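Contents: one structure, followed by commentary.
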There are 2 protein chains.
Amino acid sequence: MAVTIKDVAKAAGVSVASVSRALNGRDNVTDETRHRILDAASKLRYRPNDAARSLITRRTRTIGAVLPDLHGEFFSELIRGIDVAARAQGLHLLVSSSHGDADEATAAIRSMQGRVDGLLVMSPHVDASFLHESLPEALPAVLMNAPPEPSRFPTLNLDNHGGAFAMTRHLLARGCRRIAMIGGPAGNLDADERRRGWLDALAAASLARDALLLDGDFSEESGHAAGLRIAALARRPDAVFAANDMMAVGCLIALAEHGVHVPGEIALAGFDDVPIARYVTPQLTTVRVRIADLGRAAFNRLVAELEAPGTLPVRSEVLPCEIVVRASSGTT
Amino acid sequence: MAVTIKDVAKAAGVSVASVSRALNGRDNVTDETRHRILDAASKLRYRPNDAARSLITRRTRTIGAVLPDLHGEFFSELIRGIDVAARAQGLHLLVSSSHGDADEATAAIRSMQGRVDGLLVMSPHVDASFLHESLPEALPAVLMNAPPEPSRFPTLNLDNHGGAFAMTRHLLARGCRRIAMIGGPAGNLDADERRRGWLDALAAASLARDALLLDGDFSEESGHAAGLRIAALARRPDAVFAANDMMAVGCLIALAEHGVHVPGEIALAGFDDVPIARYVTPQLTTVRVRIADLGRAAFNRLVAELEAPGTLPVRSEVLPCEIVVRASSGTT
DNA sequence: CCGCATAATGTAAACGTTTACATCCACTCG
DNA sequence: CGAGTGGATGTAAACGTTTACATTATGCGG
């Protein structure tokens with residue numbers, strides 16, 4: 001049916017071994033025969049069979065990305081970062097997403113086994129330790145947004161704590177004293193760290209006792225609900241720090257609906273710097289995370305592991321965040 | 001090394017053939033032996049080797065998605081739609097992107113050959129006919145946003161013309177008479193169709209001669225530039241229809257900077273209904289396209305082809321759009 | 001009881017590569 | 001001029017499955 005290495009060998013009048021050598025750029029082939037082989041190959045439009053190749057080489061030249069979801073700007077950026085890094089290395093990218101819980105993620109990982117040379121896993125759930133058992137011993141993997149603690153795997157995290165700490169300091173520096181936070185979903189590591197950063201900054205200013213924490217789940221709706229609660233408060237905070245931008249936006253809308261002026265009466269800040277942050281009125285002060293960088297860095301770490309298995313120290317890296325001050329925490 | 005089918009066979013005291021049969025759910029195996037085999041397999045944590053399997057079955061249980069880019073909400077949604085459909089079928093998804101031109105896309109397609117059972121290709125370039133030659137004869141493929149014309153492949157398109165036509169009619173119905181358009185990049189099929197829909201609607205109202213078309217390339221910046229030009233016009237249009245939302249947003253900002261009131265002085269509409277459309281002030285009237293549906297529909301069409309190769313008619317489908325009226329084309 | 005259909009299981013070939021090893025050949029050097 | 005050397009090439013095994021075909025066991029009708 002399809003043209004195989006044998007056909008090329010026959011056409012070039014050599015053995016399959018020589019064809020294989022020529023095509024893989026080994027040096028022990030005469031220039032003349034190599035040329036003849038390449039000629040025949042392109043004439044026949046020969047394409048090596050990847051299945052056969054990876055059967056024997058035990059390499060797929062593919063890496064897998066296991067993500068909790070694909071929705072929204074965040075994952076779009078992340079995949080993009082991974083993708084450009086992968087294509088630069090000539091590696092393929094297998095994606096799998098929509099994993100509400102660790103079970104689904106486990107299933108995804110299992111089904112990828114054997115199809116990929118390595119895995120990029122994002123699992124912002126606290127039950128991520130679960131994953132360690134389901135990750136096959138031999139398969140290199142890099143974790144993203146995972147608890148850095150007891151891992152056999154290198155881990156890359158955003159500096160959630162640092163970003164939140166810096167943002168809270170910024171709000172304090174702007175004169176705010178009652179800085180409320182809208183928290184993220186329970187059991188989400190990023191959310192936990194952001195909350196911790198906020199609280200630590202308050203504590204450093206001896207304001208922790210006053211701290212007001214409102215429930216949220218990263219959705220715009222939950223931010224809106226929190227905004228309503230804030231608007232109804234007798235004694236309102238003078239700043240609100242939402243654990244992500246979408247909640248900040250929801251909160252902003254709720255406050256606007258109740259005639260609460262931002263930043264005049266309440267300063268507002270988010271986290272992530274999604275594109276929408278620049279388009280709301282007033283523009284949203286937020287913490288920028290270089291998401292594509294995170295993807296690229298994780299990928300590169302994985303490639304390093306693939307190239308020199310077991311030689312690199314398993315360590316946990318933290319990518320810095322940067323605060324972006326816009327009108328929502330501005331002067332007026 | 002890894003546990004193979006032979007190990008399972010040995011452990012269960014049967015031949016490899018029986019193991020294969022049991023695991024693949026063939027009926028010609030005793031319940032008793034099947035049970036013994038399944039037991040042994042799970043005890044050994046056996047995972048079939050996909051490479052070996054696809055080598056002989058000539059199936060990879062993977063489909064490839066070749067996209068021009070991964071950036072932004074649009075592709076995020078698209079991949080998401082494809083991904084959920086794929087996981088429902090137990091198929092894997094291989095993605096490849098960042099194809100500025102047809103050459104790169106061709107390279108991507110070639111490199112996917114043999115790794116996938118079928119291909120989902122989005123190529124909004126007019127030079128897409130190029131692709132036909134590089135797509136291997138035997139590989140099923142479904143095209144998205146491609147010229148429906150001379151294709152061996154089924155094609156799914158958004159109803160760009162219909163959406164633009166309907167939106168222009170809406171603006172006309174609101175009393176606008178001088179409806180300018182900010183066009184998309186040259187050679188982009190979606191952009192062409194949207195422009196055509198706009199022009200046809202104007203022609204139907206005998207207003208085509210007046211039609212003002214401004215250059216754009218789908219970027220926010222180009223929309224902003226167009227907005228500046230409009231603001232500077234002696235005789236301004238009373239409505240602007242941008243070929244996508246990001247340009248509409250850019251235009252909106254430019255107009256705001258020059259104190260042109262939207263929708264008071266100029267009504268504004270976009271296309272795509274990206275999330276940002278709801279967050280700008282005023283909220284943006286736009287054409288909603290169910291992007292995830294597009295992905296899912298294309299995927300399903302591909303699966304149909306995979307299951308019954310060559311039996312389905314090669315036809316071109318068009319997915320409807322729906323206009324969403326918000327404040328930017330509102331009464332005030 | 002014998003042969004025969006039927007069902008369960010085993011044997012081995014095939015899939016298309018890569019690669020260890022064998023072979024061959026042309027030199028070089030003593 | 002012959003043995004040795006080394007480089008190019010060929011041969012064949014191996015990778016881990018699936019599956020056509022062969023074999024064996026089982027039950028049944030004559």
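Here is the naming used below: chain letters follow the sequence lines, and residue numbers restart at 1 for every chain. Because the structure is predicted, anything quoted here is derived from the model rather than measured.
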Name the closest nucleotide to the [X] side chain, picking from [options].
X	options	value
Asn24(A)	dT19(D), dT18(C), dT9(C)	dT18(C)
Thr4(A)	dT17(D), dG10(D), dT17(C)	dT17(C)
Ile56(A)	dT11(C), dT18(C), dT11(D)	dT18(C)

In whole angstrom, what separates [X]'s [atom1] from [N]'s [atom2]?
X	N	atom1	atom2	answer
Asn49(B)	dC15(D)	CG	P	11 Å
Asp50(A)	dC15(D)	CG	C1'	15 Å
Asp31(B)	dA7(C)	CG	P	15 Å
Ile5(B)	dC15(D)	CD1	P	14 Å
Arg26(A)	dG10(D)	CZ	C1'	16 Å
Arg59(A)	dC15(D)	CZ	C1'	16 Å
Leu44(B)	dG16(D)	CG	C1'	15 Å
Arg34(B)	dA7(C)	CZ	P	15 Å

Val16(A) vs Glu32(A), nearer the 5' end of DNA chain D by closest nucleotide
Glu32(A)
Is there a side-chain polar atom (N or O) of [X] under 4.0 Å from OP1 or OP2 of [N]?
X	N	result
Arg58(B)	dG16(C)	yes
Arg21(A)	dA8(D)	no
Thr33(A)	dT9(D)	yes
Ser15(A)	dT9(D)	no
Thr57(B)	dT18(D)	no
Arg53(A)	dT18(C)	yes

On DNA chain C, nearest-nucleotide positions of Leu55(B) versus Ala17(A): which is more 5'?
Leu55(B)
Residues in side chain to side chain contact (heavy atoms under 4.5 Å, CB included) with Ala298(A), at least two apart?
Leu120(A), Val142(A), Met144(A), Leu156(A)
Taking the side chain as every heavy atom from C-beta outward, state whether Val19(A) and Val14(A) have any pair of such atoms under 4.5 Å apart.
yes
Do the side chains of Ser18(A) and Ile37(A) get nearer than 4.5 Å, heavy atoms only?
yes
Students often get this wrong, so: under 4.0 angstrom with heavy atoms, is Ser20(B) touching a base, only sugar-phosphate, or nothing?
base
Is there a donor-acceptor pair under 3.5 Å between the side chain of Thr60(A) and the backbone N or O of Asp117(A)?
yes
Are Arg296(B) and Asp293(B) close enough for a salt bridge, meaning some N to O gap below 4.0 Å?
yes
